[in-house]
Amino acid sequence: MRKIVFFLLVPFVFACGPRDFEPPESVIAILDKAGDNREELEKVIKHYKESGEVLKEEAAYFLIGNMEDHGYLDYVLLDSIGKKVDFDVLSFKDYEALLDGWDQIEEKRGEIHFKVDTLITDFENINADYLIQNIDLAFEAWEGYPWAKHLSFDQFCEYVLPYRSSNEPMEEWRSFFMDELSWVVDSIIDKSDPVEAACFVNDYIKSWFRFDPRYYEHPTDQGLAEILQNKMGRCEDMTNLAIYAMRSLAIPVMSDFTPYWAKTGNNHAWNAILNKNDSVIIFMGGEANPGHYELHHQLAKVYRKTFSEYKWSLGVKMEEWEIAPPYLGKKSIKDVTDQYVPTKSVYIDISRGSPDSTNFVYLCVFNSGEWKAIDYTRFKGAEAKFSKVGMNVAFLPAFYHNHKIIPAGDALILSDSGKVVIKKPDFNNSITIEINATTYRVTKQSTDFIAENKLITGKKYTLFYWDDEWIKAGNKEVMGEVLLFDNIPSNTFYWLIAEDSREEERIFTINEEGKQVWW
């Protein structure tokens, strides 16, 4: 994710000979960083200069100039003392068995977690022949398919030309799908309609690929070879597969994502297609076609993956020494929340004082047992402004220091009317809480759902309330249909955790009628 490079549209013609034209500064910067691979990148530039193919030369500049933030991430699973853990997701019969296996490992070896082991950067490793083939095939599709005629050069560069979708292994997928899907152009009725073409391609994907939640714990995004072998994956794999297949036919598609759902566990990525009128229609690769897909959970933030750097992204704004929370530090993501839900700009008090060398404050949602950052802003003094924030959501303003979330202010609710409601425990007005349910997470298709769960007789539950951290209010065994907790501070968030649960229950408030309201 780098600074977006915009090119002037030039006529779709070939020049008569090489141009006397220096590459853009962004390209020169990448060449200087490429080390031994500089020669490969220069071969690409030289190839198109000598061929006189002006637009292809500009396309090469777009890819090379925005290459810094792209590469293949290889992860390793480590235990609490940093030793490698062998873990094959396909060795378990289903997701529940996988989670049980994960828990068994943690009982013996402490908390286990994935850590980046190797970053294979594109600019240091990409091959000239690979890049030239990618550019030539992308142009062949743009020129050859009628549904791509409406695309501007900038749109082509962003939504057709890129050779990768995320941090998957770099593989050649264009020629495979151009051959595999050559029948599509003869199958559709309106050959100028990219949405109809996308539906045919997605129906093809649905015929052999399926979502499998075990891949939540797969250490990398899959490349095409692994996808073709296993024919299943998580939502990122589904969006990547749709991008490979559709961009090979110059169908302009992209991937949008929420770092974390606001009122359930996990996160999610899905696809979107650029229609003839430049409107965007969402869908889910391998699951649901454009016009037949809905997001069923509360969104607080949505970002769009780009290949080019986005100048307002956190990754561009941060200093090299700064560390961002997961998902937010990329340079090639763009905030598109207001394209999905009504939003509000909010001013939040952060008078707690910031850790040393902290330039940003974050907005967090509660997700899978933790407050997790989904938005960021610079702050000045004791106030921070967050823009384009989804409403009817519980938030915590926080700093991110030493890889930890540190409260920067009071937890709050941004109501569906856009009002900020501070939730600060009131110890002078304690209440009795009557609880008759908790929640549990259910995985369906490519995303997760929260189901309300009545309390189980004989099971023990622990109640917590939020006061800059989760404070234990007591634990009780269910003897009837409800649990009663006395002398609990009012006006805050509560969290009821069942014995032996994975702590994915939702937080709640108590309304004026004394009922639980889930967040």
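On a predicted model such as this, the values are computed, not experimentally measured, just so you know. Numbers for residues simply follow the sequence, beginning at 1. Below, all heavy atoms of this structure are taken into account, side chains as well, without hydrogens, waters or symmetry copies.
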Applying ring pair (Phe, Tyr, Trp, His ring centres under 6.0 Å), can you list everything that pairs with His297, at least two apart in sequence or on another chain? Trp261, Phe449
Is the shortest heavy-atom distance from the side chain of Ile282 to the side chain of Leu295 under 4.5 Å? yes
Any idea how Tyr204 and Phe177 line up, ring-wise: parallel (<30°), tilted (30 to 60°), or perpendicular (>60°)? perpendicular
Determine whether the side chains of Thr337 and Asp335 contain a donor N or O and an acceptor N or O closer than 3.5 Å. yes
For atom NZ of Lys344, is the number of surrounding heavy atoms from other residues, nucleotides or ligands below 6.0 Å larger than 12? no
To the nearest 0.5 Å, how far apart are CG in Leu249 and CG in Leu137? 11.5 Å
Any side-chain donor-acceptor pair under 3.5 Å between Asp203 and Asn289? yes
Residue list, ring pair (Phe, Tyr, Trp, His ring centres under 6.0 Å) with Phe283, at least two apart or on another chain: none
Is a side-chain donor-acceptor pair under 3.5 Å present for Tyr215 with Asp221? no
Taking C-beta and beyond as the side chain, do Ile45 and Lys43 meet within less than 4.5 Å on heavy atoms? no
Any salt bridge linking Asp117 with Lys115? Criterion: basic side-chain nitrogen under 4.0 Å from a carboxylate oxygen. no
So how far is it from Ile333 CD1 to Leu328 CG, rounded to the nearest 0.5 Å? 6.0 Å
Those residues at least two apart in sequence (or on a different chain) that pass side-chain contact (heavy atoms from CB on, under 4.5 Å) with Asn167 are Leu73, Lys330
Any donor and acceptor pair, going by atom type alone, linking the side chain of Trp519 with main-chain N or O of Arg506 inside 3.5 Å? no
Could you tell me whether the side chain of Asn127 and the main chain of Asp129 form a donor-acceptor pair under 3.5 Å? yes
Counting only heavy atoms not in Lys276, do more than 12 sit closer than 6.0 Å to its NZ atom? yes
Side chains of Asn367 and Glu504, donor plus acceptor under 3.5 Å: no
Check the side chains of Arg234 and Gln222 for a donor-acceptor pair under 3.5 angstrom, ignoring hydrogens and angles. no
Going through the distances and angles, do Tyr95 and Tyr216 end up as a ring-ring contact (aromatic ring centres under 6.0 Å, His included)? CA-CA 9 Å; Tyr95 187 50; Tyr216 283 153; 5.6 Å; yes
Can a cation-pi geometry be assigned to Lys372 and Phe366, taking NZ or CZ under 6.0 Å from the six-membered ring centre and within 45° of the ring axis? no
Exercise: do Glu287 and Ser446 side chains pair donor with acceptor under 3.5 Å: yes
From CZ (Phe123) to CG (Asp32), nearest 0.5 Å: 11.0 Å
Restricting to ring pair (Phe, Tyr, Trp, His ring centres under 6.0 Å), what partner residues turn up for Phe257, sequence neighbours left out? Tyr303
Looking at Arg214, is its backbone amide N or carbonyl O close enough to the side chain of Glu217 to form a donor-acceptor pair, meaning the two atoms are under 3.5 Å apart? no
Answer yes or no: does atom CG of Asp356 have more than 12 heavy-atom neighbours from other residues, nucleotides or ligands under 6.0 Å? no
Distance-only polar pair, side chains of Arg378 and Asn359, donor-acceptor under 3.5 Å: no
For the residue pair Glu172 and Ser175, confirm or rule out a side-chain donor-acceptor distance under 3.5 Å. yes
Greater than 12 external heavy atoms within 6.0 Å of Glu25's CD: no
Say whether, by atom type as modelled, one donor and one acceptor occur between the side chain of Lys149 and the main chain of Glu143 under 3.5 angstrom. yes
Determine, for Lys388 against Asp375, whether the closest basic-nitrogen to carboxylate-oxygen distance falls under 4.0 angstrom. no
Looking only at the side chains, is there a donor atom on one of Ser166 and Asn240 sitting less than 3.5 Å from an acceptor on the other? yes
Would Phe379 and Phe399 count as a close aromatic pair, with their ring centres under 6.0 Å? yes
Approximate separation, where rounding is to 0.5 Å, of Leu161 CG and Asp154 CG: 11.5 Å
Is there side-chain contact between Tyr400 and Thr358, with heavy atoms separated by less than 4.5 Å? no
With sequence neighbours left out, write down each residue that passes salt bridge (charged side-chain N to carboxylate O under 4.0 Å, His left out) with Glu196, or none if nothing qualifies. none
Short side-chain donor-acceptor distance under 3.5 Å, Ser368 and Arg441: yes
Has the side chain of Glu158 got a donor or acceptor atom that lies under 3.5 Å from a matching backbone atom of Phe307? yes
I want to know whether Phe176 and Trp173 have ring centres closer than 6.0 Å. no
Using the ring-ring contact (aromatic ring centres under 6.0 Å, His included) rule, take Phe200 and Trp147 through it: C-alpha gap first, then chi angles, then the decisive distance, then the call. CA-CA 13 Å; Phe200 272 93; Trp147 52 71; 9.7 Å; no
Just do the side-chain hydrogen bond (donor to acceptor under 3.5 Å, both in side chains) check on Glu226 and His218 with the steps written out, would you? CA-CA 12 Å; Glu226 191 173 4; His218 189 278; 2.8 Å; yes
Measuring only between side-chain heavy atoms, which start at C-beta, is Trp270 closer than 4.5 Å to Val302? yes
Test item: side-chain donor near acceptor, Tyr163 and Asp122, under 3.5 Å: yes
Output the distance between atom CH2 (Trp371) and atom CZ (Phe395), rounded to the nearest 0.5 Å. 9.5 Å
Report yes or no: does Gln298 contribute a side-chain atom to a donor-acceptor pair with the main-chain N or O of Met391 at less than 3.5 Å? yes
In terms of the angle between their ring planes, are Trp466 and Trp470 parallel, tilted or perpendicular, with boundaries placed at 30° and 60°? perpendicular
I'd like to check Phe156 versus Phe139 (side-chain heavy atoms, cut-off strictly below 4.5 Å). Are they in contact? yes
Determine, step by step, whether Phe386 and Val361 satisfy the side-chain contact (heavy atoms from CB on, under 4.5 Å) criterion, reporting the C-alpha distance in whole Å, the side-chain angles of both residues, the deciding distance to 0.1 Å, and the verdict. CA-CA 9 Å; Phe386 292 90; Val361 63; 3.8 Å; yes
Any luck finding a side-chain donor-acceptor pair between Glu171 and Tyr72 under 3.5 Å? no
Salt-bridge criterion met for Asp136 and Lys56 (N-O under 4.0 Å): yes
When rounded to the nearest 0.5 Å, the distance separating CG of Leu228 from CZ of Phe209 is 10.0 Å
Just by distance, do the side chain of Asn271 and the backbone of Gly285 share a donor-acceptor pair under 3.5 Å? yes
Polar side-chain atom of Asp88 near backbone of Leu90 as donor-acceptor pair, under 3.5 Å: yes
My understanding is that only residues two or more places apart in sequence, or in another chain, count here; which of them pass side-chain contact (heavy atoms from CB on, under 4.5 Å) with Asp416? Asn392
Contact between Arg210 and Lys231 at the side-chain level, heavy atoms closer than 4.5 Å - yes or no? no
Determine whether the side chains of Asn66 and Ser308 contain a donor N or O and an acceptor N or O closer than 3.5 Å. no
Close side-chain approach of Pro194 and Pro252, heavy atoms under 4.5 Å: yes
